[in-house]
Amino acid sequence: MENKFQRTHYCGEISENHIGSDVTLCGWIQTRRDHGGLIFIDLWDKEGIVQVVLNPQIDKLAHEQAQSLRGNFVIAVKGKVRARPADMVNPKLKTGKVEVYIDDLKILNKSKTPPFSAWEDAEVAEAIRLKYRYLDLRGEDLQRNLKMRYDITRVARDILHKRRFTEVETPMLTKSTPEGARDYLVPSRLNPQKFYALPQSPQLFKQILMVAGLDRYFQIVKCFRDEDLRMDRQPEFTQIDVEMSFVDEPQLFGLVEETVSAIYKEVLGIDIPVPFPVLKYKDAMARFGNDKPDLRFGLELIDVGEAVSGAEFKVFADALKAGGQVKAINVKKSAEALSRKALDDLAEVAKTYGAKGMAWIKVNPDGPQSPIVKFFKKEELDRLMGKVGGEVGDAIVFVADKPKVVADALANARLALGRQLGLIDENKICLTWITEFPLVEYDEAEKRYVALHHPFTSPFEEDLDKFETAPDQIRARAYDLVLNGNEIGGGSIRIHQKEVQERMFKLLGIGAEEAEIKFGFLLDALQYGAPPHGGIAFGLDRIAMLLAGARSIRDVIAFPKTQKAVCLMTQAPSEVDLKQMKELKLKYDLS
RNA sequence: GGGGUCGUAGUUCAGUUGGUUAGAACGCUGGCCUGUCACGUCAGAGGUCGCGAGUUCGAGUCUCGUCGGCCCCGCCA
């Protein structure tokens, strides 16, 4: 059937080149300005808006029809593009030099008055925007973010395709495995009382694809983790998942650098230097207190344990005696900027991460000002100032505690200071590799070693003899990619030998029998010609968030969930029919 | 599991030491208007003050609980 209103152009693309042409446009009414005689409509589609004019002298019927039009109505219009009179050009619009005089109009759909307009700047509560997500998505920001997200995946796919990768899908209904995050479970109707788990990542499948000789695999894939949400954490999120055979760190880093720089170039038009700098885990921890340092500014941590070891200050002395640390940040030239209140606030930040407090010294022209300086003899203070490079005008802050607390507290105090003092250049892009992670760390609560990365990460060959003697000294062939203080990717060279994998399970307290039940398929596969292999997974949502300049990954996900993991649009999760429950033979409690 | 913060018209907010009829702007509805683009103008409608208890002669306001949004700690190999 012929459609008289077959669209010929996008609204946002009408330009001076179309003057004199007859066009048919389809779109949403953004605003309508009714002058009684003339009616102006801003017609919107994904490419932008164009002003259409209804003049009774051109078409009486269309003008009459237009009286009933309202915001968000979906209409099709036919008309002629004309240049606007010179004094009526609207420089704010891309299409502002032209307008379309309408001679035929069709209402394709009406609209209720929406609870908010996607096209206005008003800051509407996120809960309302999430309930009416389709309205919010009509807005410029989310349209741009979703497009940018697609551009990122498109560029990544192109590069990986060129480098002879194969995109392979792996199961969503898979096996629950120990270690790692809490699983989302799916009951099996055909196998009552048994459950699938949604994948936390396709980790084991991609390793097995290497055993299968695929050589180079990637997948842009949803992953699921049933943990509490944050601004940068959703229960389902997307990874660009990559695995390669016969690969060492240098080749893999090179591929990642090629991909990431291509994304920056093609999506934002920005050249970023490669290769990315490499920072060892232990150096990152020593200098910045965390394994994802924001390198856009300084304020590095300084270990002053030795310099203060002789002083009488009990807090420092006790921490050191208990095997802890005393570390400082010299906040150069900010003795004035950091008020008493600012220092108190900073101490609160430190306390959030377990510190009991935060000591400080301001180096004023007339001498040091500090609640703790009275515990230091002159020469002790000189030694301390020498260690931190303290000069007149500086403010030095200290945390003394167990190494983990010192690191957490100062790392976050550092970030707070960087933001507060305006030290962070928002235009800077600092990408860095973090390498040589510990393979395992001791979990005090569980009284056992747990994998820092995951249990399939290869140890450094030269550290293999430490499995039985000093497990926490074993370095892992794991690496993270960090962008401006955000972990955007992580991976490792994997274990490809059954013996090493078994030693790893043993170290983690996973017995032979349990390993067989949980990971038997992997141990089997490793015995049938597993090549050395390794890979990486990128957090697509985080990358999109950072490139889009969004404040939350919710702003780069079409249909995100709230902090309680609820979708306000669909109201998932929801109760289900008793019939469905019965089919699943779930044991449920009606009380 | 814990801490913080917010919740009043469709939306964004104001609402005094607890006081009688809860306001504004935008939006919405109707009228007028041929050059607007934040159109203008006149008139109008619109409220479970998140919900539930309590204190009080009287609660949007105070107390307790609860629900929900956001941020954070724990958690997230």
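Note that the structure is predicted; figures quoted are calculated from it, not measured.
Put simply, A:T562 has a side-chain N or O that comes within less than 4.0 Å of OP1 or OP2 on B:rG69. One finds no side-chain N or O of A:K92 lying less than 4.0 angstrom from the OP1 or OP2 phosphate oxygen of B:rC37. The side chain of A:R230 contributes no N or O atom lying less than 4.0 Å from OP1 or OP2 of B:rC70. When the side-chain nitrogen and oxygen atoms of A:R554 are compared with OP1 and OP2 of B:rC71, one or more of them lie within a distance under 4.0 Å. OP1 or OP2 of B:rC28 has not a single side-chain nitrogen or oxygen of A:R32 nearer than 4.0 Å. OP1 or OP2 of B:rC71 lies within a sub-4.0 Å distance of a side-chain N or O belonging to A:R551.
Cation-pi geometry between A:R133 and A:F559 is not satisfied (NZ or CZ under 6.0 Å from the ring centre, within 45° of the ring normal).
Residue-nucleotide stacking is present for A:H35 and B:rC39, judged by a side-chain ring centre under 5.5 Å from the six-membered base ring centre and planes under 30° apart. A distance cut-off of 5.5 Å between ring centres, combined with a plane angle under 30°, leaves A:F116 outside any stacking arrangement with the base of B:rU11.
Checked by atom type and distance alone, the side chain of A:H63 never pairs as donor or acceptor with a backbone atom of A:K60 at under 3.5 Å.
Atom pair A:L229:CG and B:rC70:P shows a separation of 9 Å (rounding to whole Å applied). B:rC75 atom P lies 17 Å from atom CD of A:Q563, rounded to whole Å. The interatomic distance linking A:D34 (CG) with B:rG30 (C1') rounds to 12 Å, in whole Å.
Ranking B:rC72, B:rC76, B:rG68 by closeness to the A:R233 side chain, first place goes to B:rC76. With B:rC28, B:rC37, B:rC72 as the choices, the nucleotide that has an atom nearest any side-chain atom of A:M231 turns out to be B:rC72.
Summarising the base pairing, B:rC64 is matched to B:rG52 through a Watson-Crick or G-U wobble pair whose two defining distances lie under 3.5 Å.
A:D87 comes within contact range of no nucleotide atom at all, as no heavy-atom separation falls under 4.0 Å.
B:rC72 and B:rU66 are spaced 22 Å apart, taking the C1' atom of each and rounding to whole Å.
Each of A:R33 and A:A125 lies near RNA chain B, and the nucleotide nearest A:A125 is the one positioned closer to the 5' end.
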